[in-house]
Asks: 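Got a structure for you, questions after.
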Amino acid sequence: MNAKDIWQSSDAVCFDVDSTVCTGEGIDDLAEFCGVGKEVSDLTEKAMSNGISFRETLRKRLELIKPSKQKVDEFVRTQPSKLTSGTKELIDKLRSLNKDVYLVSGGFYSIIKPIADELHIQEDHIFTNRLIFAEDGSYCGFDESQPTSSSGGKKIVAQKLKSNGKYKNLVMVGDGMTDLEAYPPADLFIGFGGNRIRENVRKQAPWYVTSFQQLLDAL
């Protein structure tokens, strides 16, 4: 089957969140909110474009930000994430065709949960990183048991979803190298350049789109 055939016959679709489902990069936006935007965005770009150890860069970025629970809550309340044009329509269409939808992200649960709620994606269909806070709300680290906290984490999630035998055609949609890493075991990777085009991802993706309308039209 070609890419469009797999897309049409898919029974599960996993979406990256930052620069895919949403227009921005959550960790960069949080860093900007905390006053260390430039330093953190430089690290994010290196991680996404060059395949540098995701956990290493995640740790470095969080050490720069040191986000307290209070600061994260304020960020979520005052700087809500903006959905990419067509996101809701595409996910609603996939759901109407009885395809399961997942969010698989190296971002943070506390920032992504409101997005999932807006898209009516249930709790057990969300795979993200989780921040750890002390009793006073100060930043303590992140949960390293979450697969998405390391390089190859999205590959692990895709393998887990495929292993139960429920899904014949699982598709991963995203803008970065961490998304491309999930293919295989994902049966198809669709590179997304609607918010940010990463040339190495564009060159390696079996199918590359720059809008969700293209994916809607192909259904």
Asks: Can you check side-chain contact (heavy atoms from CB on, under 4.5 Å) on Thr20 and Phe212, steps first, answer last?
Replies: CA-CA 9 Å; Thr20 302; Phe212 283 141; 4.0 Å; yes

Asks: Which atom pair, heavy atoms only, marks the closest approach of Pro67 to Leu30?
Replies: CB-CD2, 4.0 Å

Asks: With sequence neighbours left out, write down each residue that passes ring-ring contact (aromatic ring centres under 6.0 Å, His included) with Tyr167, or none if nothing qualifies.
Replies: none

Asks: Are any of the side-chain heavy atoms of Leu94 and Phe15 separated by less than 4.5 Å?
Replies: yes

Asks: Is it true that Lys166 and Asp11 have a side-chain N and a carboxylate O under 4.0 angstrom from each other?
Replies: no

Asks: Can Asp92 and Lys88 be counted as an ion pair, charged N to O under 4.0 angstrom?
Replies: yes

Asks: Any heavy-atom pair between the side chains of Val101 and Leu119 that's under 4.5 Å?
Replies: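 Of all side-chain heavy-atom pairs linking Val101 with Leu119, none is under 4.5 Å.
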
Asks: Do Glu89 and Lys93 meet the salt-bridge criterion of a basic N to acidic O distance under 4.0 Å?
Replies: no

Asks: Any sub-3.5 Å donor-acceptor pair from Asn129's side-chain atoms to Phe108's backbone N or O?
Replies: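 No, the answer is negative, given that no donor and acceptor are paired below the 3.5 Å cut-off.
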
Asks: Are the side chain of Asp175 and the backbone N or O of Arg196 linked by a donor-acceptor pair below 3.5 Å?
Replies: no

Asks: Tell me if a side-chain donor or acceptor on Lys155 pairs with a main-chain N or O of Pro184 at a distance below 3.5 Å.
Replies: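 Yes; judged by distance alone, with no hydrogens or angles, the pair exists.
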
Asks: Could you tell me whether a side-chain N or O of Gln8 sits under 3.5 Å from a main-chain N or O of Ala218, the two making a donor and an acceptor?
Replies: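 Here the side-chain-to-backbone pair exists.
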
Asks: Looking at Val21 and Asp16, what are the two nearest heavy atoms and their distance?
Replies: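 For Val21 versus Asp16, the nearest heavy atoms are CG2-O, 3.3 Å.
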
Asks: Could you walk me through whether Glu123 and Tyr109 pass the side chain to side chain donor-acceptor pair (under 3.5 Å) test, one step at a time?
Replies: CA-CA 10 Å; Glu123 179 79 20; Tyr109 179 84; 2.7 Å; yes

Asks: Would you call Glu25-Arg198 a salt bridge at under 4.0 Å N-O?
Replies: yes

Asks: Does a side-chain N-to-carboxylate-O contact under 4.0 Å join Glu199 and Arg202?
Replies: yes

